[in-house]
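This report refers to the structure that appears directly beneath it.
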Amino acid sequence: MTDILKGLNPQQQAAVSAGDGPVLVLAGPGSGKTRVLTHRIAYLVEARDVRAWHIMAVTFTNKAAREMENRVTGLLSGSGQLDGLAIGTFHANCARILRVEAEATAYTRDYVIFDTDDQLKVLTQVLADLNLDPKKNTPRAMLNKISAAKNELITPEQYMPDDYSAEKVRRAYLRYEELLRQNNARDFDDLLVHTVRLFQDRPDVLERYLNRYWHILVDEFQDTNMAQYTLVRLLAGERRNLFAVGDPDQSIYAFRGADYRNVQRFREDYPDTDVILLEENYRSHQAILDAATGVIDQNTDRQPKELFSQRKVGPLVRIYEGYNEDDEARFVVETIADLINRKDYDPGDFAIMYRTNAQSRAIEEGFLRAGMPYRLIGATRFYARKEIKDVLAYLRFIHNPDENISMQRIINVPTRGIGLKTLETLDTWGTTMGLTPPHALLALLDENVEAPFSTRARNSLTGFAGLVEEWRALKDQLSPDELITRVLNDTGYLSYLDDGTQQGESRIENVLELRGVAETYAGLPLSTFLEEVSLVSDVDMRDDETAAPSLLTLHSAKGLEYPVVFIVGMEENILPHSRSIAPERNPNATSDQRQQAAKDVEEERRLFYVGITRAEERLYLCYATIRSLYGDSRANLPSRFLYDIPEEVRQGSPLRKPGSSADTDAYRQMTTWSTRTAVFGRPNATRRESRGGSQPKREKQATQFKGGDCVWHAKYGEGVVVSSSLASGDMEQVDVLFPGDVGQKTIIADFLKKMDS
DNA sequence: CTGACTAAGTTTTTT
DNA sequence: ACTTAGTCAG
């Protein structure tokens, strides 16, 4: 037992060996939070004789769960001590409970889990059913509102609209829930909500779980939402053996309902909570910590924290100003190559982080050009690929006969003569028979059933229905991978993918990879495979085998650490993201919108904070003067967050502490670049020009000006072009940034003169 | 009904 | 830029 406390500092030991009752560990990055949680589990089992069976540990990702489990095993002496330990994400734990308690809920055991894609399809259907214009009410916006309500545990019946648009949401929410029920499907939010509701409605069921789980441990507590927190409180029961670990400064999932104020609620709901602070940082040296502190200190509504490290001060935070995203990528790749050549680091020691996945492309190209390997984490999510979703849709429809969404997806993929018209008839005819489309389809197998289809259409439908029936008969005898093989063969799906292109080939590979994953489920029921596949993220699939620099979003960097970290795209509109700061620039924004924007920017800042604190030794922050987005170039100012890093700990950039106006400084940098460009030519010019060789499809009329150009205006003087576009006719509208108080103006091209030198 | 073409929107982040 | 939804000729 002493082994378990060995190597921990006094505060960590206090946390690990805390007594029963609520415990809240609040700690900064790199302080060993997860380690404390890990040791706590081992401690409970070894020193306090708690059976692992009685412990539920909730982690943020499946991968974190697996890693934690391995480490706990390492800490314990005997094998088998961890049997029955419930460790996993909230969603995974809830899915299991719901499966077991199927008869107490409105769903059968065979329910499927809808991902965002499926949800949007349902919502499109909902909008059609309600005659709402999908232009005015996008499925996406609807979904966000419905999801927000669910995370707050608000049912459609409880949803109180205060204006007409909210009333539309209420109706959509109602219909949406109806359709989920009809499909015997749950969405991600439902997994939590239904579990909470089950426990609230059925004290007898809750009682069983209270007897089962004596200790509830939660990692990354700052990222729990209302539903999750309520669930935690329910499961804690009278015993109140809650052990939560978190850092409000690292809360970055508000957009999906997470609320760091749950930390405060916890303290209010359990006034006798044993609050333990871990302040020492073991990951980064002081310069990086000072940068992090400088950034996060700008947030209001937080408890100031003093991060300290006993490590020697290392290299200062390096800021690099690139010309464009290619130049930025070149800097990253060259720096990495240099550090590897000097034998200072291994390829696996590096991480490049960015705000949006779209930014990965330029970096990837940089690596490709240099002929260096890299690991891309979670850009086009594996399970979001068409071919994967298709195959899974087959399996899901085999598994769950009620599911319309999957059936619609694959009924004519590969094409088998079932077109729009036929599907419409299936729907209307089914409705008159009181059947949903999947059941109407099966009904056609009976030759005595009369239905308004042409012979050809009916044959196509029964042909498909027959296949489905065969597969369903086999589903319990075959293991998941055998079933996939069977489906692929019966449908000719692979030859459908094989269109001779490179892309087709990689799609086939993906499907085969999926089958490879399925092989690991040999002997397990189809439902297990489908459920786990729905709940994994790509971060979970990250292999640690290949030693190469990792490319990942700031969000997926949470919980990780690397010796050398690059954060690219340190620009206004990227980080903070344009969505969060839009109301700032809009003079018509309501005060509500402004407040929301302020909150959003704080979250962006926390995201940056998370990124900074991933770095152990070296941290590079890059921004580009010109960045192409959606095709055209735009000039962005350096991120406001950069100015929050104390000057003493940063180096290498022309970035000046703004005396009066940040705009002025940014402007000077841009003109520096413009001048430099005029004299020396653009970096990477070759690549850009080479594209122009075989040009015109349709002359996409060129603009006179483009981002980065230096221009002169009679009234405002010298300025830099942010972007330029053709308005109606030949009129070219140019957004120009002028120094000082003038700022950005939109000007007709005729009034601008290009300055060459 | 299918395959090819055009228009539009999309992009913040993920269980 | 890139993909998907929508339109149209065979």
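Throughout, a chain's letter reflects where its sequence line sits, starting with A, and its residues are numbered from 1.
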Can you tell me the distance, in whole Å, between the [atom1] atom of [X] and the [atom2] atom of [N]?
X         : N       : atom1 : atom2 : answer
Ile377(A) : dT15(B) : CD1   : P     : 12 Å
Met226(A) : dT15(B) : CE    : C1'   : 19 Å
Gln359(A) : dT11(B) : CD    : P     : 15 Å
Met353(A) : dT13(B) : CE    : P     : 16 Å
Gln250(A) : dT13(B) : CD    : C1'   : 16 Å
Tyr354(A) : dT13(B) : OH    : P     : 10 Å
Leu560(A) : dT14(B) : CG    : P     : 13 Å
Asp118(A) : dT15(B) : CG    : P     : 16 Å

By salt bridge (charged side-chain N to carboxylate O under 4.0 Å, His left out), Lys389(A) pairs with (sequence neighbours left out) Asp115(A), Asp117(A), Asp118(A)
Partners meeting salt bridge (charged side-chain N to carboxylate O under 4.0 Å, His left out) with Glu152(A) (sequence neighbours left out)
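Once residues adjacent in sequence are excluded, Glu152(A) has no partner under the salt bridge (charged side-chain N to carboxylate O under 4.0 Å, His left out) criterion.
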5' precedence on DNA chain B between Gly419(A) and Phe188(A) (nearest-nucleotide basis) |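 Counting from the 5' end, the first nearest nucleotide belongs to Gly419(A).
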DNA chain B nearest-nucleotide lookup for Thr89(A) and Lys421(A): closer to the 5′ end is Lys421(A)
Residues in side-chain contact (heavy atoms from CB on, under 4.5 Å) with Thr491(A), at least two apart?
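Testing Thr491(A) for side-chain contact (heavy atoms from CB on, under 4.5 Å), a comparison that skips the adjacent residues, returns Tyr394(A), Pro414(A), Arg416(A), Trp471(A), Val487(A), Tyr493(A).
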Discussion item. When you compare the side chains of Tyr521(A) and Glu532(A), does any donor N or O come within less than 3.5 Å of an acceptor on the partner?
Written reply: yes
Under a 3.5 Å threshold, yes or no: a donor from one side chain and an acceptor from the other, between Asp247(A) and Gln250(A)?
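There is such a pair (donor and acceptor under 3.5 Å, judged by atom type) between the side chains of Asp247(A) and Gln250(A).
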*OP1 or OP2 of dT14(B) under 4.0 Å from side-chain N/O of Thr553(A)*: yes
Query raised in the report: Reckon Asn62(A) has a side-chain N or O less than 4.0 Å from the OP1 or OP2 of dT15(B)?
Result: no
How is [X] classified with respect to the nucleic acid when contacts are heavy atoms under 4.0 Å: base, sugar-phosphate, or nothing?
X         : answer
Asn412(A) : sugar-phosphate
Tyr253(A) : sugar-phosphate
His91(A)  : base
Thr422(A) : sugar-phosphate

Let's see if you can work this out: which of [options] has an atom nearest to the side-chain heavy atoms of [X]?
X         : options                   : result
Thr116(A) : dT15(B), dT14(B), dT11(B) : dT15(B)
Thr415(A) : dT15(B), dT14(B), dT2(B)  : dT2(B)
Thr356(A) : dT13(B), dT15(B), dC1(B)  : dT13(B)

Can you name the atoms? Protein N/O to nucleotides 2-9 of chain C N/O, anything below 3.5 Å, with the distance.
residue : atom : partner   : partner atom : Å
dT4(C)  : OP1  : Lys386(A) : NZ           : 3.3
dT4(C)  : OP2  : Lys386(A) : NZ           : 3.2

query = With centres under 5.5 Å and planes under 30° as the test, does Phe255(A) stack with dT13(B)?
reply =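 The ring of Phe255(A) is stacked on dT13(B).
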Quick one: list whatever passes side chain to side chain donor-acceptor pair (under 3.5 Å) with Arg458(A), sequence neighbours left out.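 Applying side chain to side chain donor-acceptor pair (under 3.5 Å) to Arg458(A) gives none.
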(message) Evaluate Tyr176(A) against Gln119(A) for side chain to side chain donor-acceptor pair (under 3.5 Å), listing each step before the verdict.
(response) CA-CA 9 Å; Tyr176(A) 172 78; Gln119(A) 290 177 283; 3.1 Å; yes
Q: Provide the full list of salt bridge (Lys or Arg N to Asp or Glu O under 4.0 Å) pairs with a residue in residues 137-148 of chain A, sequence neighbours left out, each pair given once.
A: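 Sorted result for residues 137-148 of chain A: empty, none.
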